[in-house]
Colleague: 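Have a look at this one before I ask anything.
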Amino acid sequence: MSQYDISIILPVYNVGPFLERCLDSLLAQRCQKMEIIAINDGSTDNSLEILEYYSSRSAVLKIVNQENKGLAAVRNTGMSLATGKYIYCVDSDDYLAPKCVETIINEMERHQLDVLFFSTHLECEEDLLYLHNASSYYQRPRAVINKKIDAQTFFNTCITEREKTAQGYSVVIWGYAWRREQYPGLRFHTRYYEDEYFTTALLLGQPKAKVRCIADRLYHHRLRSGSITTSTDKVKRTLAILDTYRLLLPIAGEVTDKHTQQCLGSYIEILYLDAVKHNLPQVIPVFSAQKMIHFLAANLHELYVNSTTENGLVIMLLIVDKIAHDAGLMDEKEILDALKRIRLAIDNKRELVKMISQ
């Protein structure tokens, strides 16, 4: 049995001006059985001093120091150390609503949930007020509010809503909490924009997990200049999404529900339009379209052998075909051969699946 009801993972890197407000909001939460794991990721400002001061005032705050490794690695460190029944990740330049933790625990316990999603209050710095309309991205679709459904259905409903309104599937890690024992091996694997993979893997890797979503705004997110959220680095964004694609292919290969496969394909296309298609002119000089295709197709054999269905291969073909078309490579023999190999693998896998099912 867990010693703590909840483990809060708090990555800290050069957030001195914002850290006190974050820590004040955490320590003000109504929860006697809570641990806060603050990982100082090689900060060079006064962040560590602030952490040490607060730690001297409260035993629930535990400090871990490490060399700078990036947000994903920090969160992984926190998850490996967490002992709480539930896990919740917080960004150290944001802060919690007064009843955030209390609400999470009450909802998780009352409804016997594996994941609880909720909404966010957005705060913009003055020079970023033009992004205020982005607040709708952090809200949840009405169709899932106050319903206990399985994770796969939640994903499908959110993607369907996003196709209609360009809103609905918010992947931000601080927008939900989860039951630790339900996801013992789930970790972050991309250095940037890591929530895209993690949240999708959380939902589709355990499709029958019990999920509930509430409309309560339990989290205050600050949009500020210089943060990853407001970064305009198109190359970084595109390469991160290519890595996300690579990681999602094996998960797609285990999807057996047709509607979920369609929704996953839609999600892949949404990411492509958002982070790849219009960025290709800036990305190709750094990482050519041919390299992108080779990167995605590198695990073709592994995907064919180890997947339950052909769906991962279908997603691979979808992405590779789009890149080849938009980069003007459809006449190159090497690319045409790659597309042919993927199509052949899909056909063979389908036949194999039919044979096994008979």
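When reading the values below, keep in mind they use all heavy atoms of this one structure, side chains included, and skip hydrogens, waters and symmetry mates. Here, residue 1 is the first one in the sequence, and each next residue gets the next number. Since the model is a prediction, treat every value here as computed from it, not as a measurement.
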Colleague: Apply side-chain hydrogen bond (donor to acceptor under 3.5 Å, both in side chains) to T244 and list each qualifying residue two or more places apart in sequence or on a separate chain.
Modeller: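 Expected list: none.
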Colleague: Mind checking side-chain contact (heavy atoms from CB on, under 4.5 Å) for D24 and listing every partner two or more places apart, or none if nothing turns up?
Modeller: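 Listed in chain order: Y54.
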Colleague: Can you find a pair of side-chain heavy atoms, one from L239 and one from V283, that are under 4.5 Å apart?
Modeller: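 Result yes, sub-4.5 Å side-chain heavy-atom pair found.
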Colleague: Looking at R162, E163, E196, Q262, which hits side chain to side chain donor-acceptor pair (under 3.5 Å) with Y267?
Modeller: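 It is E196; the other options fail the test.
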Colleague: Among pairs that include at least one residue of residues 71-105, which meet ring pair (Phe, Tyr, Trp, His ring centres under 6.0 Å), considering only residues two or more places apart or in two chains?
Modeller: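 Applying ring pair (Phe, Tyr, Trp, His ring centres under 6.0 Å) to every pair that reaches into residues 71-105, excluding sequence neighbours, yields Y88-F118, Y95-H220.
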Colleague: Can you find a side-chain donor-acceptor pair between Q66 and T77 that sits under 3.5 Å?
Modeller: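 Yes.
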Colleague: Got a sec, which residues hit salt bridge (Lys or Arg N to Asp or Glu O under 4.0 Å) with K85, two or more places apart in sequence or on another chain?
Modeller: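 Once residues adjacent in sequence are excluded, the partners of K85 under the salt bridge (Lys or Arg N to Asp or Glu O under 4.0 Å) criterion are E109.
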Colleague: Cation-pi check for Y192 against K236: NZ or CZ below 6.0 Å from the six-membered ring centre and within 45 degrees of the axis, yes or no?
Modeller: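 Relative to the ring axis of Y192, which defines the angle, K236 lies inside both limits.
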Colleague: Among N40, I36, N46, which residue meets the side chain to side chain contact (heavy atoms under 4.5 Å, CB included) test with L51?
Modeller: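 Filter result, single survivor: N40.
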Colleague: For H325, does the NE2 atom sit with more than 12 other heavy atoms under 6.0 Å from it, leaving out its own atoms?
Modeller: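 Atom NE2 in H325 is not packed in, count stays at 12 or less.
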Colleague: Answer whether the closest heavy-atom distance between the side chains of C31 and I6 falls below 4.5 Å.
Modeller: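 They are in contact (side-chain heavy atoms under 4.5 Å apart), so the answer is yes.
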Colleague: Can you list every ring pair (Phe, Tyr, Trp, His ring centres under 6.0 Å) pair that touches residues 146-165, not counting sequence neighbours?
Modeller: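 Sorted result for residues 146-165: F117-F154, F155-Y169.
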Colleague: Any pair with a residue in residues 344-356 that passes side-chain hydrogen bond (donor to acceptor under 3.5 Å, both in side chains), sequence neighbours left out, goes on the list, sorted by first then second residue, please.
Modeller: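 Listed once each, the pairs are E310-R350.
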Colleague: So, H121 versus Y219, ring centres under 6.0 angstrom or not?
Modeller: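 H121 vs Y219: aromatic centres not under 6.0 Å.
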